[in-house]
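To find a chain, count down the sequence lines: A is the first, B the second, and so on, and within it residues start at 1. Hydrogens, waters and symmetry mates play no part in the numbers below; they use all other heavy atoms, side chains included.
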Amino acid sequence: MNALLSLIVVLVLGALAYVGGSVEGLRTLFGVIIPYAAILTFLVGVAYRVVRWALSPVPFRITTTCGQQKSLPWMKAGYLESPYTTLGVTLRMALEVLLFRSLFRNTKAELRSGPQLVYGENKYLWLAALAFHWSFLIIFLRHLRFFMQPVPAFVNLLSDADGFFQIGAPVLYLTDVFILAALGYLLWRRFRDPQVRYISLFTDYFALFLLIGLAGSGVLMRYFFRPDIVAVKELALGLVTFTPAVPVQVGGLFFVHLFLLSLLIAYFPFSKLMHFAGVFLSPTRNLANNNRAKRHVNPWDYPVKVHTYAEWEEEFHDKIKAAGLPMEKE
Amino acid sequence: MAEHTPKPEELSKVDYHPPKKGWMDPHVEFRKGTFCYSALAKNIEYLGMPNPREWQPFDADWKLPPNWKQIILDGMKERLEKYRSFRLFMDICVRCGACADKCHFYVGSGDPKNMPVLRAELIRSIYRRYFTPAGKMFGPLAGGRELTEEVIKEWFYYFYQCTECRRCSVFCPYGIDQAEITIIGRELLNLIGCNINWVMEPAANCFRTGNHLGIQPHGFKDSIDFAVDELEEITGIRVEAPIMKKGAEVLFIMPSADYFASPHYYTLLGYLMLFHEIGLDYTMSAFAGEGGNFGLFTSHEMMKRLNAKIYEEAKRLKVKWILGGECGHMWRVAHQYMNTLNGPPDFLEVPVSPITGTRFENAKSTKMTHIMEFTADLIHNGKLKLDKSRNDHWKVTHHDPCNVARGMGLLEEPRYVINGVCNHFYDMPENTIREQTFCCGSGAGLGTDENMEMRMRGGLPRGNAVKYVKEKHGVNLLTTICAIDKATLPAVVDYWVGGVEVGGIHELVGNALVMKGEKERTADLRGTPFAAKEVKAHA
Amino acid sequence: MRDKGLIFAGLVFFLVLITFPVWYDLAAGTTSKGPDPKLPTAEKDCVAPVEYMRTSHMDLLLSWRDQVVRQDRLTYKAFDGKTYDMRLTGTCLKCHTNKEEFCDRCHAYAGVAPYCWECHIDPALAQRSRG
Amino acid sequence: MSIDRRKFLGVAAGASALVLAGKASVDALAIGSQPKQGGTLANTRWAMVIDPSKCLKDKGCTACIAACDKVHNIPDFKNPKHAVKWIWKEPFKDAFPGQEDEYTTEQYKDKPFILMCNHCNNPPCVRVCPTQATFRREDGIVMMDWHRCIGCRYCMAACPYGSRSFNWLDPRPHIAHLDTDFPTRTKGVVEKCTFCEERLARGEGPACVEACEAKAMVFGNLDDPDSEVRQLLKARFSIRRNPELGTQPEIYYLV
């Protein structure tokens with residue numbers, strides 16, 4: 001139900017853009033105004049969300065340790081899984097952000113009769129997530145060829161590497177295949193796995209369909225219904241250099257692509273997609289496991305009512321005395 | 001075992017198919033065996049917490065304060081501003097589901113709201129509805145839910161069906177820690193007086209007497225004296241067991257169960273033997289007679305109130321540093337919270353083992369060393385005379401307590417000590433130990449008998465792993481360094497496995513320790529005859 | 001612990017990075033003006049209409065390539081009935097004599113690096129190599 | 001209205017349906033092209049007959065090799081390990097291993113033989129190529145599509161005649177005179193003799209054959225009973241390289 005609804009919403013929005021791209025009066029809206037509004041929403045929204053997180057302090061050092069602590073000098077410590085230093089934390093975070101270390105650990109548990117609980121490898125989610133995110137990043141960077149003039153060498157290098165197999169013309173980008181395959185898997189997984197289907201919200205499907213629509217329209221444009229690429233770049237450069245104009249040669253599918261992108265980036269700050277920034281701030285991951293060596297300060301600490309020794313001794317005075325235990329006051 | 005608990009064959013038929021109705025429906029049924037009774041008014045009153053009253057979870061009317069909704073929302077707002085973890089974990093979950101089958105309660109119950117992701121969504125949906133623009137505008141479409149009394153009941157049911165073991169957090173790509181969310185959830189429930197007696201009574205007891213069980217100072221002394229007497233019978237040596245001795249070098253803190261419950265008691269014997277043998281200048285305290293901290297299961301504030309006495313007592317007794325015994329959540333607090341809550345303990349010195357001279361650099365600020373670190377260091381430096389064969393009647397496996405494993409990273413020390421004092425050690429399958437260790441199913445204040453069905457469900461993964469090593473290697477002893485484990489794992493192991501005992505590591509140390517001037521020992525601390533001695537007799 | 005400094009630094013870094021194209025184009029003095037390929041003056045008709053050639057010349061070239069190499073077909077009957085040899089250097093470059101001023105200008109602008117010229121020889125290059 | 005026109009109008013109008021994918025457009029364009037002039041491929045089987053006795057190679061003539069190198073932009077890497085060769089010479093015992101004996105006519109014994117790709121009827125190189133970059137045309141030419149070559153060198157391992165060369169380096173700097181009518185290859189690509197298929201298409205004969213002043217090489221169509229190659233093979237006894245392998249070479253050596 002959630003899935004169907006979000007599919008319909010994305011399809012309607014896509015159709016809206018397709019029509020908007022061909023109606024003269026709406027081209028500026030879809031080609032200039034909405035993209036600018038979306039970028040502004042993204043920048044302000046992301047900054048706002050991050051600042052909100054930053055304003056809430058981390059009162060306690062609650063590292064989730066996934067390996068041996070540093071203790072006795074002869075005992076081998078897990079410097080990545082249970083980091084003791086800032087360097088260790090940095091490496092742990094790098095593994096987490098770049099390679100999805102925690103997801104790599106994923107297993108699946110299955111209860112068989114007996115009862116016998118068995119565990120198996122379960123790396124597909126990790127693989128698909130990694131394939132999606134890296135492809136997305138590379139595709140994003142590749143798109144810089146539309147936004148930068150002259151095209152920087154690293155962008156060309158990346159495009160060359162991505163099209164390494166030189167299949168067809170324009171050459172097939174591997175990331176285009178990977179991203180669609182990965183998104184397809186992630187969607188299929190939400191449908192197939194009853195547990196994941198049960199927890200999936202409208203927004204989960206919405207984000208997926210938005211991304212599939214974005215990648216799909218891009219793939220259609222590159223391989224099947226090519227727009228005038230020079231005109232596309234003129235539009236993109238116009239946006240970046242604040243001299244916006246919509247060339248007459250662009251329309252249709254390109255507007256679908258641009259609009260879905262605008263929606264995605266505008267949707268970012270309001271959604272779970274903020275995990276891209278949040279992952280850096282996760283206190284269970286980005287803190288060293290050196291609690292006992294270095295005091296962590298809680299900025300909002302306040303005094304609490306305690307039961308002091310004096311009160312305690314007074315309350316149990318006779319009993320302490322009868323037991324012959326040492327006392328402050330006889 | 002409570003009589004209404006189903007048999008293992010029935011309980012292990014878990015249906016993992018989620019129900020037809022969506023999870024946003026908050027309705028829960030309080031079925032006997034799956035929830036804990038409410039806190040008694042006197043305990044709430046004693047601790048000065050809100051809304052003490054007579055009520056039970058299965059009552060229709062929970063007698064909430066009239067402005068309960070405002071209290072909850074204000075409480076949420078305050079905590080969103082105070083805890084980055086809370087705000088972040090409300091925001092960034094992508095519902096990938098990697099945590100789902102990592103929770104022992106989910107594995108054992110199949111209840112989808114026991115998937116950590118969904119347990120968190122119970123509160124996240126309220127957060128979205130009242131604290132995010134998308135949720136305010138689009139409601140359920142943006143994953144938002146109205147806060148109703150039904151939701152409060154649902155929170156109560158599921159936040160007291162989470163043992164804060166943090167296993168989900170290991171697998172979460174963003175390190176989202178359900179324990180953090182449960183802790184905050186329970187804090188919120190406490191604001192309107194919805195809490196369980198199994199947490200509030202120990203907390204109240206601890207606040208008053210210094211230990212969870214409410215043992216008063218003379219009782220404490222009796223208990224220790226009894227242990228000293230028994231040790232004399234076993235070893236022929238009368239050990240010294242100082243209580244509240246001023247000027248001792250070390251203050252020893254242990255969970256109160258060690259001196260009052262079984263099989264913890266054998267661990268206490270082990271400590272006393274060890275300290276005597278190495279001539280440690282130490283003291284125990286009846287005031288700070290509890291390492292465990294049920295405040296952790298109540299609120300951050302209560303944790304601080306209960307924890308305060310440890311440093312206070314260390315200062316009063318003018319000790320140099322603190323040694324902590326075998327305990328799980330006591331160490332979560334001592335390792336991750338204590339120094340922040342009640343530090344800095346500038347009046348103490350960096351712990352140095354008086355026997356080996358080892359300086360415990362990793363505890364240089366908190367000044368509290370784990371007894372596993374301490375004993376491992378002794379064994380490593382050859383300071384103990386150990387006869388491993390005295391543990392030959394045990395085939396040992398080790399259960400890593402959640403808090404010590406995932407809150408501390410103390411994984412190797414216990415294994416080092418076990419291998420130092422016994423010959424037959426077999427680890428359980430790797431998905432169930434170390435940082436991936438499974439909870440006993442009764443932590444975080446849920447180890448009460450009325451909750452037995454849920455405890456057994458939660459204990460299924462652990463029980464299963466024990467069964468595996470029992471069948472493969474003939475394991476007959478499950479060691480652990482957590483007092484709650486020692487109290488609750490016997491039931492779990494009896495229920496799911498059978499024929500395996502539970503004990504502490506220092507019990508094994510006590511068995512193996514050859515003391516100067518001891519009489520010939522033929523049985524271990526439990527009175528079980530040594531296997532090796534038997535063989536010799538036959539030969 | 002707040003770590004505000006670190007977080008704000010990270011946020012500013014991110015914002016600068018994400019808006020990098022703006023700074024880059026500003027520094028390079030870029031305008032949105034497109035490339036200026038030099039069109040042949042001698043010949044007016046191409047093998048296909050200009051709209052098609054702008055977006056899909058690579059399809060045509062690839063089709064030519066496969067026909068010539070794999071199917072032993074050599075001549076192409078264009079939309080207007082004229083026939084052409086299906087040859088990149090022999091046919092295309094006969095009119096578009098200057099690869100640098102025709103092909104490369106758009107390709108560089110769009111960040112496209114076709115690998116045709118790794119084997120096929122741009123006459124200008126051959127000329128230069130001869131000295 | 002031709003299909004081309006419709007197609008172009010369609011593109012120009014920007015109206016296109018999902019089903020009209022890239023493949024369709026290529027097919028549409030293909031219809032507009034014609035098979036090459038002259039005989040169809042089907043009733044052609046190209047072959048070469050070489051008369052070693054006429055060859056002036058022992059007198060230092062390298063006209064055929066030079067002609068081939070020139071028209072095909074064949075690089076000279078100097079280093080023999082990197083050598084790229086389409087046509088080359090080899091002593092009898094190396095060209096026809098196992099066929100020499102101590103009584104082999106003096107005439108052949110030390111005489112270098114001109115060798116090139118045999119354009120086998122049953123080519124092992126074609127069978128092993130994973131991308132079909134090497135394929136056998138209907139007229140018998142074992143052809144290479146360098147666009148497809150991925151440099152795996154399976155074909156080199158499969159060829160029993162050593163007819164294939166690999167570009168270990170970028171060949172361009174090692175080509176004395178670039179011929180703009182023929183492409184170069186790139187580093188990582190295999191190449192070999194193609195019977196000058198590009199010249200055949202223009203109605204010319206192979207460059208080596210034209211360059212041979214002694215007329216030691218004759219090229220023609222075996223399917224044509226009147227062709228010179230057929231006449232020669234009828235009149236004289238010929239041998240082929242490694243006949244026992246069953247590859248059926250199309251280069252015949254008169255003895």
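Of the atoms belonging to Trp312(A), it is side-chain heavy atoms, and not backbone ones, that fall under 4.5 Å from chain B. For a residue to count as touching a neighbouring chain, one of its non-hydrogen atoms must lie under 4.5 Å from one of that chain's; by this rule Ala286(B) touches chain A with backbone and side chain alike. Of the atoms belonging to Phe374(B), not a single heavy atom falls under 4.5 Å from chain A. Interface residue Leu281(A): backbone and side-chain heavy atoms are both found under 4.5 Å from chain B. If you measure heavy-atom distances from Leu5(A) to chain B, the contacts under 4.5 Å come from the side chain alone. When heavy atoms are compared at a cutoff of 4.5 Å, Lys108(A) approaches chain B by way of both its backbone and its side chain. If you measure heavy-atom distances from Asn290(A) to chain B, you find no contacts under 4.5 Å at all. Looking at Ser113(A), there are no atoms closer than 4.5 Å to chain B (heavy atoms on both sides), in backbone or side chain. Contact of Arg101(A) with chain B is not made at all, since no heavy-atom distance falls under 4.5 Å. If you measure heavy-atom distances from Tyr302(A) to chain B, the contacts under 4.5 Å come from both the backbone and the side chain. Residue contact with chain B, scored on non-hydrogen atoms closer than 4.5 Å, involves the side chain of Trp74(A) exclusively. Looking at Arg52(A), both its backbone and its side chain come within 4.5 Å of chain B, counting heavy atoms on both sides. Interface residue Arg295(A): backbone and side-chain heavy atoms are both found under 4.5 Å from chain B. Contacts between Glu96(A) and chain B at a heavy-atom distance below 4.5 Å involve the side chain alone, from C-beta outward. Using a 4.5 Å cut-off between heavy atoms, Met115(B) touches chain A through its side chain atoms alone. Neither the backbone nor the side chain of Ala322(A) comes within less than 4.5 Å of any heavy atom in chain B.
Formation of a donor-acceptor pair under 3.5 Å by the Lys245(B) side chain with backbone atoms of Pro326(A) is not found in this model. Of the possible donor and acceptor atoms, none in the side chain of Asn298(A) sits under 3.5 Å from a partner among the backbone N and O of Thr340(B). Checking side-chain atoms of His218(B) against main-chain N and O of Lys319(A) turns up no donor-acceptor pair under 3.5 Å. Not one N or O on the side chain of Ser85(B) forms a donor-acceptor pair closer than 3.5 Å with the backbone of Pro283(A). Without hydrogens or angle criteria, Arg292(A) side chain to Asn362(B) main chain gives no donor-acceptor distance under 3.5 Å. Not one N or O on the side chain of Gln69(A) forms a donor-acceptor pair closer than 3.5 Å with the backbone of Leu410(B). Although no hydrogens or angles enter the test, the distance criterion places a donor-acceptor pair under 3.5 Å between the side chain of Ser56(A) and the main chain of Leu80(B). Gln195(A) places no side-chain N or O within 3.5 Å of a backbone atom of Pro112(B) that could act as its donor or acceptor partner.
Interface remark: of the candidates Leu306(B), Asn431(B), Val170(B), Val170(B) forms the most heavy-atom pairs closer than 4.5 Å to chain A. The greatest number of non-hydrogen atom pairs below 4.5 Å with chain A, out of Ala405(B), Ser285(B), Pro8(B), is found for Ala405(B). Looking only at heavy-atom pairs under 4.5 Å with chain B, the residue among Lys70(A), Arg190(A), Lys321(A), Met274(A) that has the most is Arg190(A). Highest contact tally toward chain B, considering only Val306(A), Val279(A), Thr64(A), Leu103(A), is held by Thr64(A) [criterion: heavy-atom pairs under 4.5 Å]. Interface check for chain B: of the options Gly324(A), Cys66(A), Ala109(A), the most heavy-atom pairs under 4.5 Å are formed by Cys66(A). Between chain B and the options Ser82(A), Ala54(A), Gly78(A), Ser6(A), heavy-atom pairs under 4.5 Å are most frequent for Ala54(A).
Heavy atoms from other residues, nucleotides or ligands lying under 6.0 Å from OH of Tyr79(A) number 12 at most. Around atom CZ of Phe131(B), more than 12 heavy atoms belonging to other residues, nucleotides or ligands sit under 6.0 Å away. For Glu314(A), the CD atom is loosely surrounded, since the number of other residues' heavy atoms within 6.0 Å does not exceed 12. Enclosure of atom NZ in Lys315(B) is not indicated, since only 12 or fewer non-hydrogen atoms of other residues, nucleotides or ligands lie within 6.0 angstrom. No more than 12 heavy atoms of other residues, nucleotides or ligands lie within 6.0 Å of OH in Tyr48(A), so this atom counts as exposed by the packing criterion. Annotation: Tyr84(A), atom OH; neighbour count of heavy atoms from other residues, nucleotides and ligands within 6.0 Å is above 12. The number of heavy atoms from other shown groups lying within 6.0 Å of NZ (Lys329(A)) does not exceed 12.
Contact check on Lys304(B) versus Asp301(A) returns a salt bridge, with a Lys/Arg side-chain nitrogen under 4.0 Å from an Asp/Glu carboxylate oxygen. One finds no salt bridge joining Arg434(B) and Glu81(A) here, because no Lys/Arg side-chain nitrogen approaches an Asp/Glu carboxylate oxygen to under 4.0 Å. Between Lys246(B) and Glu328(A) there is a salt bridge, since at least one side-chain N of the basic residue sits less than 4.0 Å from a carboxylate O of the acidic one. Contact check on Arg208(B) versus Glu315(A) returns a salt bridge, with a Lys/Arg side-chain nitrogen under 4.0 Å from an Asp/Glu carboxylate oxygen.
Taking the ring centroids of Trp300(A) and Tyr83(B), they lie under the 6.0 Å cut-off.
A distance of 11.0 Å separates NZ in Lys20(B) from OH in Tyr198(A), rounded to the nearest 0.5 Å. The distance from the NE2 atom of His296(A) to the OG1 atom of Thr366(B) is 12.0 Å, given to the nearest 0.5 Å. Atom NZ of Lys467(B) sits about 10.5 Å away from atom CG of Leu117(A), to the nearest 0.5 Å.
If you check the side chains of Asn339(B) and Lys294(A), you find no donor sitting under 3.5 Å from an acceptor. Gln116(A) and Tyr468(B) share no side-chain donor-acceptor pair at under 3.5 Å.
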Trace of the side-chain contact (heavy atoms from CB on, under 4.5 Å) decision for Ser282(A) with Phe89(B): CA-CA 8 Å; Ser282(A) 182; Phe89(B) 296 164; 3.7 Å; yes

